[in-house]
Undergrad: 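Next up is a structure, given as structure tokens.
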There are 2 protein chains.
Amino acid sequence: MGLNRAGFEVRHADSAEDAEGAIRLGVPDLILLDWMLPGQSGIDFARRLRRDQHFREVPIIMLTARGEEEDRVRGLDIGADDYLTKPFSPRELVARIRAVLRRTTPTAGDELVAVDGLQLDPVSHRVSADDTTINLGPTEFRLLHFLMTHPERVFTRGQLLDNVWGTNVYVEERTVDVHVRRLRKGLSTTGHDRLVQTVRGTGYRFSSKA
Amino acid sequence: MGLNRAGFEVRHADSAEDAEGAIRLGVPDLILLDWMLPGQSGIDFARRLRRDQHFREVPIIMLTARGEEEDRVRGLDIGADDYLTKPFSPRELVARIRAVLRRTTPTAGDELVAVDGLQLDPVSHRVSADDTTINLGPTEFRLLHFLMTHPERVFTRGQLLDNVWGTNVYVEERTVDVHVRRLRKGLSTTGHDRLVQTVRGTGYRFSSKA
DNA sequence: TTACAGTGTCACACGGTCGTAACAATTCTC
DNA sequence: GAGAATTGTTACGACCGTGTGACACTGTAA
């Protein structure tokens with residue numbers, strides 16, 4: 001198919017069952033999924049992937065025979081990132097893979113963030129304020145990390161769910177409130193809870209301004 | 001094409017030149033671009049858009065005839081967000097548009113507006129005047145945002161209801177008066193309430209002139 | 001197994017916000 | 001100037017959004 005030649009490492013499976021095994025050997029960067037799989041439909045396979053927290057984030061490109069419009073629409077609804085209609089050329093396939101990877105793998109930042117005496121270090125996975133260590137749960141940590149790296153900006157609960165919990169996850173929006181509450185509680189001992197601000201009718205914002 | 005029926009506002013152009021004019025009337029949320037344009041190829045048009053800072057962020061979906069694989073590959077390289085191969089159904093088109101908008105909307109209509117020391121930032125959802133933060137209710141915020149982005153122009157109460165409250169909402173016109181009052185109250189501490197002006201017999205206007 | 005931390009969801013309470021009516025003030029018309 | 005039309009201002013009830021505590025569930029480690 002020319003994928004190896006293009007510099008990708010490829011694992012191949014002939015059925016959904018084989019694929020299951022293959023991806024558990026190591027989370028792939030991207031899944032190329034034929035809509036017509038023997039034994040099990042590709043849509044079920046994709047749906048299952050989206051429910052599994054380990055693979056929820058893995059982008060999916062589906063391959064469809066021409067005319068299967070129903071499947072394509074449903075595929076996009078499920079959260080497939082792109083599709084290709086057969087027949088297609090290796091060159092086009094490579095281009096699409098690059099495009100999808102470009103938008104789904106934003107460079108992860110390991111840099112230390114500090115605002116107003118509050119300090120978060122992704123490397124040591126530690127939060128401290130005025131030389132006091134602050135204990136946060138995993139979700140609160142990711143939430144704070146995201147907010148601190150995107151300050152002075154409102155986010156809706158939906159956006160926070162996408163960015164902190166991950167896309168293709170079904171969680172109530174109000175759950176965000178509860179985690180904001182837990183985050184604030186953790187930050188309250190040093191008064192840094194004021195940095196996490198409510199924007200009524202919209203969502204939340206991280207800001208050092210009053 | 002069914003786009004209007006799906007709730008989108010559509011502007012149409014038959015050539016790249018017409019399109020140029022159309023988008024300068026107002027930055028669109030998304031551009032649907034046919035690859036085969038009379039006079040100028042779609043790819044050149046797209047490339048030019050990507051270089052223009054006003055339109056760089058606007059997502060592009062391109063429409064290609066089947067078999068024009070060369071173009072599709074180049075289109076993706078340029079940064080088209082998606083493409084559709086003819087023939088396609090209205091339903092699929094709508095699904096794709098929704099998918100693209102879902103990915104890209106966080107960066108739409110968020111430019112900072114500033115007039116005469118008064119400053120409104122949609123991104124951080126914050127209003128400030130002379131370095132003082134001003135607290136406004138959600139409706140007052142939207143009202144001010146609309147007025148500031150359409151300055152020097154009278155709006156009837158009905159127009160304000162349509163644009164700020166939304167169409168198909170039954171609210172008394174006099175309600176606008178009350179919210180204008182609340183807005184003015186918020187702006188009065190810094191004297192910016194003078195920017196919100198009454199036009200007797202018609203409605204209200206935002207203007208820096210006396 | 002038990003203990004426990006982490007998570008998601010719900011129910012309730014509180015406060016903010018909204019729309020409306022009523023009255024006061026202003027401006028226009030005659 | 002009188003009366004009418006228009007707008008400003010205030011108060012109030014209803015409702016919506018958010019904060020908060022409690023609880024059930026899951027997975028993990030002891």
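Protein chains get the first letters and strands the later ones, always in sequence-line order, with residue 1 at the start of each.
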Undergrad: Ignoring the backbone of B:V178, work out which of D:dA22, D:dG19, C:dT20 is nearest its side chain.
TA: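 Nearest to the side chain of B:V178 among the choices is C:dT20.
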Undergrad: Can a donor-acceptor pair be found, under 3.5 Å and without considering hydrogens, that links the side chain of A:D121 to the backbone of A:V123?
TA: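 Side chain of A:D121 to backbone of A:V123, a donor-acceptor pair under 3.5 Å: yes, one is there.
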Undergrad: Would you say CZ of A:R126 has more than 12 non-hydrogen atoms from neighbouring residues, nucleotides or ligands within 6.0 angstrom?
TA: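 No, not enclosed.
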Undergrad: By the 4.0 Å heavy-atom rule, please label B:E173 as base, sugar-phosphate, or nothing.
TA: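 B:E173: no heavy atom of the nucleic acid under 4.0 Å.
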Undergrad: What nucleotide, of D:dA22, C:dT20, D:dT18, holds the atom closest to the side chain of B:R182?
TA: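 Within the option list, the nearest is C:dT20.
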Undergrad: Once you apply a heavy-atom cut-off of 4.0 Å, does B:T175 come out as touching a base, just sugar-phosphate, or nothing?
TA: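 Contact class for B:T175: base.
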Undergrad: Does CZ belonging to B:R194 count more than 12 external heavy atoms closer than 6.0 Å?
TA: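 Above 12, so yes.
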Undergrad: Between A:T156 (side chain only) and A:Q159 (backbone N and O only), is there a donor and an acceptor less than 3.5 Å apart?
TA: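 Looks like yes, one N/O pair under 3.5 Å.
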Undergrad: Relative to the ring of B:F155, is the ring of B:H150 parallel (under 30°), tilted (30 to 60°) or perpendicular (over 60°)?
TA: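 Perpendicular: the ring planes of B:H150 and B:F155 meet at over 60°.
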Undergrad: Polar atoms only, N or O, under 3.5 Å: list the protein pairs with nucleotides 25-30 of chain C and their distances.
TA:
residue : atom : partner : partner atom : Å
C:dT27  : O2   : B:R200  : NH2          : 3.3

Undergrad: How many whole angstroms separate atom CG of B:L161 from atom C1' of C:dT20?
TA: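 The answer, rounded to whole Å, is 13 Å.
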Undergrad: So which nucleotide from D:dT9, D:dT20, C:dC18 ends up closest to the side chain of A:R174?
TA: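 So the side chain of A:R174 is nearest to D:dT20.
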Undergrad: A:F141 has an atom CZ; how far is it from atom C1' of C:dA5, in whole Å?
TA: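 Going from A:F141 (CZ) to C:dA5 (C1'), I get 17 Å.
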Undergrad: Are B:D177 and B:R184 close enough for a salt bridge, meaning some N to O gap below 4.0 Å?
TA: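 No, this pair does not count.
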Undergrad: Is it true that a side-chain atom of B:H145 and a backbone atom of B:E140 form a donor plus acceptor pair closer than 3.5 Å?
TA: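 Answer holds: no.
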Undergrad: Grab the CD-C1' distance between A:E140 and C:dG8 for me, whole Å please.
TA: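 Value for this atom pair: 12 Å.
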Undergrad: Nearest whole Å is fine: how far is C:dG8 P from A:L183 CG?
TA: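 After rounding, the reported distance stands at 14 Å.
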Undergrad: Mind checking A:T198 for me? I need base, sugar-phosphate or nothing, with any heavy atom below 4.0 Å counting as a touch.
TA: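 The answer is sugar-phosphate, as A:T198 gets under 4.0 Å only of primed atoms, P, OP1 or OP2.
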Undergrad: What is the distance, to the nearest angstrom, from the CZ atom on B:R184 to the P atom on D:dT9?
TA: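 So the two atoms are 7 Å apart, to the nearest Å.
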Undergrad: Return the value, rounded to whole Å, for the distance between atom NE2 of A:H179 and atom P of C:dC10.
TA: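 Answer to the nearest Å: 14 Å.
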Undergrad: Taking OP1 and OP2 of D:dG19, is either one under 4.0 Å from a side-chain nitrogen or oxygen of A:Y204?
TA: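 Looking at the OP1 and OP2 atoms of D:dG19, one of them is under 4.0 Å from a side-chain N or O of A:Y204.
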Undergrad: Specify the separation, in whole Å, of atom CZ of B:R157 and atom C1' of D:dG8.
TA: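 Rounded to the whole Å, the gap is 11 Å.
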Undergrad: For B:E172 and C:dA22, give me the distance from atom CD to atom C1', rounded to whole Å.
TA: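 Taking atom C1' of C:dA22 as the reference, CD of B:E172 is at 14 Å.
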Undergrad: At less than 4.0 Å, is any side-chain N or O atom of B:W165 found next to OP1 or OP2 of C:dG19? Yes or no.
TA: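 Yes, B:W165 has a side-chain N/O under 4.0 Å of OP1/OP2 on C:dG19.
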